[in-house]
There are 2 protein chains.
Amino acid sequence: MEAALSGGDTAGGDPGRRPKRLPRTVRERQILDAAVFVFSQHGYHDASMDEIAEVAGISKPMVYSYLGSKEDLFSASIRREATKVIEAIAETMTPGRTPEMMLYDGFVAFFTFVSQNRDSWRVLHRLAANQGGPFFAEWAEMRDRVIEVVSTLMVHQGSEGGLPEEIAVQGEALAAALVGATESLADWWMDHPEASPRKMAARMMSLVWNGFGDILRGDYWVPPHKR
Amino acid sequence: MEAALSGGDTAGGDPGRRPKRLPRTVRERQILDAAVFVFSQHGYHDASMDEIAEVAGISKPMVYSYLGSKEDLFSASIRREATKVIEAIAETMTPGRTPEMMLYDGFVAFFTFVSQNRDSWRVLHRLAANQGGPFFAEWAEMRDRVIEVVSTLMVHQGSEGGLPEEIAVQGEALAAALVGATESLADWWMDHPEASPRKMAARMMSLVWNGFGDILRGDYWVPPHKR
DNA sequence: GCGTAGCCTTACTCACGAGTAGGTATAAAT
DNA sequence: ATTTATACCTACTCGTGAGTAAGGCTACGC
């Protein structure tokens with residue numbers, strides 16, 4: 001339980017007998033690491049501040065002193081992890097490419113992130129989305145960015161379809177479904193981790209780009225350079 | 001808290017002064033109704049047995065006497081609501097039709113159910129899927145049944161004579177994504193309830209049957225009889 | 001009538017966990 | 001050397017909510 005978090009309890013290779021007394025910024029990082037871990041294991045309510053403090057290798061009052069209440073702590077955890085995901089995906093979202101490739105690369109980036117940050121993903125997925133109050137706001141921001149991208153793609157390309165209003169609503173709905181499908185597939189992947197991130201991304205593309213109709217005809221999606 | 005200790009919440013319009021003393025089966029139904037409602041409002045942890053008892057119009061020990069612990073009660077709620085959904089969808093799943101129409105009708109049935117049973121859906125999706133332990137098992141069982149149906153549909157249709165192994169894995173993954181997309185779209189719908197169940201089903205078909213590629217070309221899905 | 005079984009209640013116990021009071025020890029500043 | 005600030009702790013309070021003890025009221029069989 002305790003190992004593998006935050007690079008151990010003592011900072012640096014210093015052999016002194018008093019490894020304690022670390023500066024605030026370091027402790028805050030450790031606390032957040034612990035919080036993400038514990039929240040991901042037990043969910044918001046079943047996670048206790050005592051356990052978070054213990055995992056962080058510090059006493060409870062320090063947690064309160066640095067990060068505030070349990071809500072504040074959870075909020076901070078979400079914000080930090082959400083930023084990670086967003087940045088991981090945003091890096092690949094360079095403009096001037098085909099929507100198809102943007103989507104594919106976005107999926108690859110996402111699944112790569114999930115495979116390397118399971119705890120982060122667990123915290124974000126459905127913990128943040130579910131609880132009422134301030135957590136939802138953090139989550140919604142990330143979701144809105146996805147919706148934005150999807151809507152942009154639609155307006156950019158297929159604006160023949162009708163009023164901009166209708167397109168926007170349609171885009172929102174599709175983005176929601178898209179995100180849900182991706183999340184769900186990520187969950188499934190955690191139980192069947194044989195496939196590579198690229199393979200998972202290709203599966204997503206088969207479903208949401210080609211569509212089920214094509215799939216039933218045996219027409220799965222493959223990257224352009226292999227066609 | 002409530003002024004009306006004996007009046008008010010009892011079912012039946014009888015004006016008699018002693019409407020209490022109902023048989024066990026009736027009380028159990030009332031308790032489950034109350035439980036679904038309260039759980040859907042507050043989530044598992046924030047729902048208190050006291051409130052469930054109060055909403056059911058009964059005292060707390062009765063709840064424990066009839067339905068057992070809080071976990072048992074939640075479990076029973078999930079099981080009952082899950083059965084409802086499955087049956088609603090299963091009714092429309094008559095064999096001998098095209099996969100396309102089976103899928104569409106399944107979506108219509110599902111979205112119709114959700115629109116008429118918001119609390120059920122909240123309990124099932126937003127809660128059961130998230131809480132760990134025995135609750136997740138109930139949920140997973142239901143989800144697996146849907147996934148199984150979808151993947152057999154795919155294998156049956158798409159692989160006349162080849163690659164059963166690969167198709168099976170592929171099918172499971174895609175079914176998981178498909179279910180996730182549907183769930184997620186249902187959640188979105190609860191915040192944007194303007195559209196009809198048919199419209200929502202059509203949106204799902206646009207995404208997962210036609211695919212995003214077609215959508216960007218303005219090619220949305222429409223029911224066959226309108227083509 | 002009288003027992004027994006089932007419906008139903010008030011009024012507790014008890015554990016758990018968020019948040020805090022109040023104090024110690026070490027490093028930096030003067 | 002003394003003050004000040006910061007890191008850090010043990011040991012509490014206190015509300016909340018799951019679960020229970022112990023008994024009352026109503027009906028129905030005999």
Worksheet item: Do Leu32(B) and Leu73(B) come within less than 4.5 Å of each other through their side chains, counting heavy atoms only?
Response: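 When only atoms from C-beta onward are counted, Leu73(B) and Leu32(B) do touch, with a gap below 4.5 Å.
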
Discussion item. Any heavy-atom pair between the side chains of His42(B) and Glu51(B) that's under 4.5 Å?
Written reply: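 Counting from C-beta outward, Glu51(B) and His42(B) do come under 4.5 Å.
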
Practice prompt. Check the angle between the aromatic planes of Phe107(A) and Phe111(A) and answer parallel, tilted or perpendicular using the 30° and 60° thresholds.
Written response: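 Rings of Phe107(A) and Phe111(A): tilted, 30 to 60°.
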
Fill in: Ring center gap for Trp221(B) and Tyr104(B) short of 6.0 angstrom
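Yes, ring centres under 6.0 Å apart.
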
Would you mind reading off the distance between [X] atom [atom1] and [N] atom [atom2], rounded to a whole angstrom?
X: Leu22(B); N: dA27(D); atom1: CG; atom2: C1'; value: 14 Å
X: Gln30(B); N: dC7(C); atom1: CD; atom2: P; value: 13 Å
X: Ile52(B); N: dG19(D); atom1: CD1; atom2: C1'; value: 14 Å
X: Leu67(B); N: dT20(D); atom1: CG; atom2: P; value: 14 Å
X: Met62(B); N: dA18(D); atom1: CE; atom2: C1'; value: 18 Å

Item to complete: Just do the side chain to side chain donor-acceptor pair (under 3.5 Å) check on Asp72(B) and Ser69(B) with the steps written out, would you?
Response: CA-CA 5 Å; Asp72(B) 293 337; Ser69(B) 72; 3.3 Å; yes

Worksheet item: To the nearest 0.5 Å, what is the distance between CG (Leu207(A)) and CG (Leu207(B))?
Response: 6.5 Å

Worksheet item: Which value, rounded to the nearest 0.5 Å, describes the distance between Asp50(B) atom CG and Glu54(B) atom CD?
Response: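 Going from CG on Asp50(B) over to CD on Glu54(B), the span is 8.5 Å.
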
Item to complete: Look at Tyr66(B) and dC7(C) and indicate whether a side-chain polar atom (N or O) is within less than 4.0 Å of OP1 or OP2.
Response: yes

Discussion item. Please determine whether a side-chain nitrogen or oxygen atom of Arg27(A) lies at a distance below 4.0 Å from atom OP1 or OP2 of dT6(D).
Written reply: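 Result: no.
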
Discussion item. I'd like to know if Arg21(B) reaches the base of dC25(D) with its side chain, counting only an N/O donor and acceptor under 3.5 Å.
Written reply: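 Donor-acceptor pair under 3.5 Å: yes.
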
Which atom pairs link the protein and nucleotides 28-30 of chain C when you take only N or O atoms and keep those under 3.5 Å?
none

Worksheet entry | Under 4.0 Å protein heavy-atom contact, by nucleotide of nucleotides 14-21 of chain C - B base, S sugar-phosphate only | ----BBBB

Mind checking what makes salt bridge (charged side-chain N to carboxylate O under 4.0 Å, His left out) contact with [X], not counting sequence neighbours?
X: Arg80(B); result: Asp33(B)
X: Glu28(A); result: Arg24(A)
X: Asp119(B); result: none

Fill in: Full working for side-chain contact (heavy atoms from CB on, under 4.5 Å) between Ile58(B) and Val63(B)
CA-CA 8 Å; Ile58(B) 208 172; Val63(B) 177; 4.0 Å; yes

Worksheet entry | Proximity to DNA chain C (any heavy atom under 4.0 Å), residues of residues 31-39 of chain B only |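 Heavy-atom contacts with DNA chain C come from no residue of residues 31-39 of chain B; none.
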
